[in-house]
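Each chain gets a letter, A, B and so on, in the order its sequence line appears, and its residues count up from 1.
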Amino acid sequence: MTNETDQPADDIAAPTIDALIAERRKKRAALADAGIDPYPSRFDRTALAGELHQRHEGLEADIRTGEQVRLAGRVTAVRRHGKLSFATLADTSGSMQLLLQVAAMSDQAAAVLDSLDLGDWVGAEGEVITSRRGELSVDTTELWLLSKALRPLPDKWHGLTETDTRYRQREVDLLANPDSRKVFEIRFAAIAAMRRHMEAEHFVEVETPILQPQAGGAIARPFFTHANALDIDLSLRIAPELYLKRLVVGGFERVFEIARNFRNEGVSTRHSPEFTALEAYRAFGDVDDGMDLTEALVMAAAQASTGRTTFAAGESEIDLAGPWPRLQLLDMLEEKLGRRVHPTDPRNDLVAVCEAHGVTPLPTWGPGKLVFELYDQVLLPGLVDPVFVIGFPVEVSPLARHTADDPTMADRFELCIVGREFANGYSELNIPEEQAERFEVSSAAKAGGDAEAHPADQAFVRSLEYGLPPTAGIGIGIDRLIMLLAEVEAIRDVILFPMLRPEAAG
RNA sequence: GCGCCUCUAGCUCAAUGGCAGAGCAACGGACUCUUAAUCCGCAGGUUCUGGGUUCGAAUCCCAGGGGGCGCACCA
């Protein structure tokens, strides 16, 4: 990889990028010729930039601490002043200025400095000092090249703005745009906090199949693939729900999965074909326990990742501080619509209400679906502050337990913030015959051409026949939660490598 | 899928029918306290691709490609 058979520069066909890369190869070769390994196998670091800043906060200008450190990171800026230079070294914790006086450095370090380019990984050794201007620095005596950046970095001031490139070459986005890095730090911290919370609540983290004979647990168009060994077609999971409940049947009373789900549907600012959901199931709980858990998880995520409870979302300022109101859907609809609706109302009446509020009903929609669409299209967009909406029609909740005194409504909640659904949960339906019957109805509808119907899953019904205890289940849309916490508008900004068309060849 | 917008140097952007330019990065030089360092010099182009209109196209038209936004479906 490092053999340096450098052609003369004028040999290189026009495009500038090739010339820039050739220039950097040449520098790498010069170091190698001087006996310096441009790709050392390891480096012993003794300090992090962020930790040094913390430890030496408030130090006066022009101080020598006597502390010797070895730092490693990427060079993000160099300011050369003849025999004195300054460089900025960025590591995982932050950045640190290197003060580089040729007179104080070894010959090898001077050679490395001489060939240094923005983007190079280096290791530096020296004394922690403050510069005359008071900036904490490392008065460098030794400097090692750890890996050469052959390609030039984006503009140091403007960074990388082209969205296409930011998504396709996320690594460049991350190293050039601190804001982008920050978004993902929030993501990682939030997910880690939710894991910790689940562990503290004695949930076990499990993994269920992504490749499934039949995608269930939600209503969505799946991706398909094929297993050669078994010669069968498989779907990619659209939700882990059915498998997780089977684990509760099996005696794992508290399970959760941070599940990548795949839905072969539209791509938009708020929809990605692959997205992450946290699903959790807790035996002996009901929908109220599900809301408690959801609220605790979201708060834990917000606290750990940002330390705040208020977030800007579009034009609104959202305060996540709980407890969040828990309101009945049918009551909220009554207030919004000026009349009470219910899945037992005559279908024509519900159709009329829909049309009066700009909702265009489809012929396949039953009364429950009509009520749900009133929620989704009329009520939900206006729900800005966090609110648990409780009680959804059974017709659109095929896996939820029906309400004790109303067989057409289910003990189900949705968490709504800034007009979007963030979480969903319910008391799980655990009566096998009722589940089988619901599947029968929906799979008949599916066979009749209704794409929005849950397929029957006999293995799941059979598992219910072994006994699913009363169980609370929740699902939280992680990507959307991160969008809220990181205050970004596009789901692609919170997914490291979002799905894109392949780059055109050549 | 439909509509609108967008694509120019490695990066960020100008040039709106008349010589394709600037800043940063690079390259050569000066510089021992800078921090978007400064100064002098030099170089860098398939203007996304293909076709068309025109004396002349980055610019106007057509087709294609990538991306973004909006709508629809969905979470």
Side-chain angles (χ1 to χ4, degrees), chain A residues 9-10 12-24 26-27 61-62 76-88 95-104 117-119 129-137 139 149-169 172-173 176-177 218-222 238-239 261-277 360 362 376-377 380 414-416 420-424 451-452 475-481 483 489-493 498 500-506:
Chain A
D10 52 18
I12 293 177
T16 336
I17 181 65
D18 292 341
L20 292 172
I21 292 174
E23 186 65 42
R24 290 172 178 227
K26 215 155 65 187
K27 290 179 185 173
D62 216 0
T76 57
V78 183
R79 298 175 290 279
R80 295 178 192 270
H81 301 264
K83 299 210 164 7
L84 167 71
S85 298
F86 297 89
T88 305
S95 56
M96 176 59 58
Q97 174 167 276
L98 303 182
L99 187 148
L100 303 140
Q101 300 179 85
V102 171
D117 281 304
L118 296 185
I129 61 159
T130 51
S131 70
R132 280 178 207 161
R133 286 289 181 83
E135 176 159 353
L136 195 67
S137 310
D139 187 8
L150 292 179
R151 287 185 181 272
L153 263 47
D155 188 285
K156 66 182 174 186
W157 186 243
H158 298 97
L160 183 66
T161 64
E162 179 117 344
T163 48
D164 184 16
T165 313
R166 287 187 48 228
Y167 297 145
R168 283 191 199 284
Q169 294 179 242
V172 182
D173 179 39
N177 298 333
I219 293 158
R221 286 172 59 192
I238 56 175
N261 296 324
F262 307 86
R263 298 191 183 175
N264 208 343
E265 292 169 346
V267 180
S268 78
T269 320
R270 285 176 285 285
H271 300 87
S272 169
E274 51 182 300
F275 66 101
T276 303
T360 312
L362 295 179
D376 203 50
Q377 298 186 41
L380 176 59
E414 288 202 351
L415 170 61
C416 304
R420 299 175 194 166
E421 184 203 329
F422 277 75
N424 178 20
E452 296 182 24
I476 300 176
I478 297 293
D479 308 285
R480 287 182 177 182
L481 177 59
M483 287 168 67
E489 291 298 315
I491 198 168
R492 283 180 163 178
D493 288 330
L500 295 173
R501 286 198 166 74
E503 286 181 77

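- One distance of note links CD1 of I129(A) with CD of E135(A); it measures 10.0 Å at 0.5 Å rounding.
- T165(A) comes within 4.0 angstrom of no nucleic acid atom, judged by non-hydrogen atoms across all strands.
- Heavy atoms of G475(A) sit nowhere under 4.0 angstrom from any nucleic acid atom.
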Inset, instruction - Could you check F86(A) against H81(A) for side-chain contact (heavy atoms from CB on, under 4.5 Å), going step by step and ending with a plain yes or no? - result: CA-CA 8 Å; F86(A) 297 89; H81(A) 301 264; 3.9 Å; yes
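- By the 6.0 Å contact criterion, CZ on R221(A) is open, its count of non-hydrogen atoms from other residues, nucleotides or ligands being 12 or less.
- When heavy atoms are screened at a 4.0 angstrom cut-off, T161(A) is found touching the sugar-phosphate backbone but no base atom.
- Taking D164(A) as the reference, R168(A) meet the side-chain hydrogen bond (donor to acceptor under 3.5 Å, both in side chains) condition, with sequence neighbours excluded.
- With P154(A) as reference, V172(A) is the one residue of V172(A), L118(A), D173(A) to meet the side chain to side chain contact (heavy atoms under 4.5 Å, CB included) rule.
- Nucleotides G10(B) and G45(B) place their C1' atoms 12 Å apart, quoted to the nearest Å.
- Rounded to the nearest Å, the gap between the C1' atom of G18(B) and that of C60(B) is 15 Å.
- The interatomic distance linking L118(A) (CG) with U35(B) (P) rounds to 16 Å, in whole Å.
- Salt bridge D479(A)/R270(A): absent, no basic N to carboxylate O contact under 4.0 Å.
- One finds no side-chain N or O of T16(A) lying less than 4.0 angstrom from the OP1 or OP2 phosphate oxygen of A9(B).
- Spacing of P atoms, U47(B) relative to G21(B), comes out at 13 Å, to the nearest Å.
- Interatomic distance, L136(A) CG to M96(A) CE, rounded to the nearest 0.5 Å: 4.0 Å.
- When rounded to the nearest whole Å, the span between CG of D62(A) and C1' of U32(B) equals 13 Å.
- Here the side chains of P273(A) and V267(A) are in contact, with some heavy-atom distance below 4.5 Å.
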N/O contacts under 3.5 Å, protein versus nucleotides 37-39 of chain B?
unit_1	atom_1	unit_2	atom_2	d
A37(B)	OP1	K156(A)	NZ	2.1
A37(B)	N7	R80(A)	O	3.4
A37(B)	N6	R80(A)	O	2.6
A37(B)	N1	H81(A)	ND1	3.3

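- I491(A) has its CD1 atom 13 Å from the P atom of A75(B), to the nearest Å.
- Taking atom P on both A58(B) and C73(B), the two are 44 Å apart, rounded to the nearest angstrom.
- At the heavy-atom level, Q101(A) lies under 4.0 Å from base atoms of the strands shown.
- In this structure, K156(A) has no salt bridge (charged side-chain N to carboxylate O under 4.0 Å, His left out) partners at least two apart in sequence or on a different chain.
- Closest approach to the T163(A) side chain among G67(B), U32(B), A75(B) is made by G67(B) (side chain taken as heavy atoms from C-beta onward).
- Neither side chain, Q169(A) nor R151(A), offers a donor N or O lying under 3.5 Å from an acceptor on the other.
- Ranked by how close their nearest RNA chain B nucleotide is to the 5' end, P154(A) and L84(A) are led by P154(A).
- Going from atom CG of D173(A) over to atom C1' of G10(B) covers 16 Å, rounded to whole Å.
- In this entry the distance linking CD1 of I17(A) with P of C27(B) reads 13 Å, nearest Å.
- Counting non-hydrogen atoms under 4.0 angstrom, E421(A) reaches the backbone sugars and phosphates but no base.
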Inset, instruction - Using the side-chain contact (heavy atoms from CB on, under 4.5 Å) rule, take I238(A) and N261(A) through it: C-alpha gap first, then chi angles, then the decisive distance, then the call. - result: CA-CA 5 Å; I238(A) 56 175; N261(A) 296 324; 5.7 Å; no
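- Counting any heavy atom pair closer than 4.0 Å across all strands shown, F422(A) reaches no nucleic acid atom.
- To the nearest angstrom, C1' of A9(B) lies 9 Å from CG of L20(A).
- To the nearest whole angstrom, the two C1' atoms, one in G64(B) and one in A72(B), are 25 Å apart.
- Within the 4.0 angstrom heavy-atom criterion, no nucleotide atom of any strand lies near G477(A).
- Among the nucleotides A36(B), G67(B), A75(B), the one closest to any side-chain atom of R480(A) is A75(B).
- Between C5(B) and C19(B), the two C1' atoms lie 31 Å apart (nearest whole Å).
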Legend entry - Pair R480(A)-F275(A), side-chain contact (heavy atoms from CB on, under 4.5 Å): steps then yes or no: CA-CA 9 Å; R480(A) 287 182 177 182; F275(A) 66 101; over 6 Å; no
Shorter than 3.5 Å, N or O on both sides, protein versus nucleotides 19-23 of chain B: list them out with atom names.
unit_1	atom_1	unit_2	atom_2	d
G23(B)	N2	D155(A)	OD2	2.8

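- Following rounding to the nearest Å, N264(A) (CG) and C73(B) (C1') show an atom-to-atom distance of 12 Å.
- Atom CG of L481(A) and atom CZ of R420(A) lie 11.5 Å apart (nearest 0.5 Å).
- Side-chain nitrogen and oxygen atoms of K27(A) include at least one within less than 4.0 Å of the OP1 or OP2 phosphate oxygen of C27(B).
- Straight-line distance between the P atoms of A57(B) and G17(B): roughly 14 Å, to the nearest whole Å.
- Comparing G10(B), G66(B), U32(B) by their nearest atom to the side chain of R168(A) picks out G66(B).
- For the C1' atoms, the distance linking C24(B) with A37(B) amounts to 13 Å, nearest Å.
- Nearest to the side-chain atoms of A490(A) among the listed nucleotides C69(B), A26(B), G67(B) stands C69(B).
- Across all strands shown, L99(A) has heavy atoms under 4.0 Å from base atoms, whether or not it also approaches the sugar-phosphate.
- Using a 4.5 Å cut-off on side-chain heavy atoms (C-beta onward), L99(A) and L84(A) make contact.
- Nucleic acid contact class of Q97(A) (heavy atoms, under 4.0 Å, all strands): base.
- As rounded to whole Å, 13 Å separates atom C1' of A72(B) from atom CZ of R221(A).
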Legend entry - 5'-to-3' dot-bracket of RNA chain B (Watson-Crick, G-U; under 3.5 angstrom; crossing pairs as [ ]; | other strand): (((((((..((((....[..))))..((((.......))))......(((((..]....))))))))))))....
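- Residue contacts for A277(A): at a heavy-atom cut-off of 4.0 Å it reaches no nucleic acid atom on any strand shown.
- Look at R151(A) and you won't find any side-chain N or O under 4.0 angstrom from OP1 or OP2 of G10(B).
- The side chain of S131(A) sits closest to C33(B) out of A25(B), C33(B), A75(B).
- Legend: residues meeting side-chain hydrogen bond (donor to acceptor under 3.5 Å, both in side chains) with E421(A), ordered by chain and number and at least two apart, are absent.
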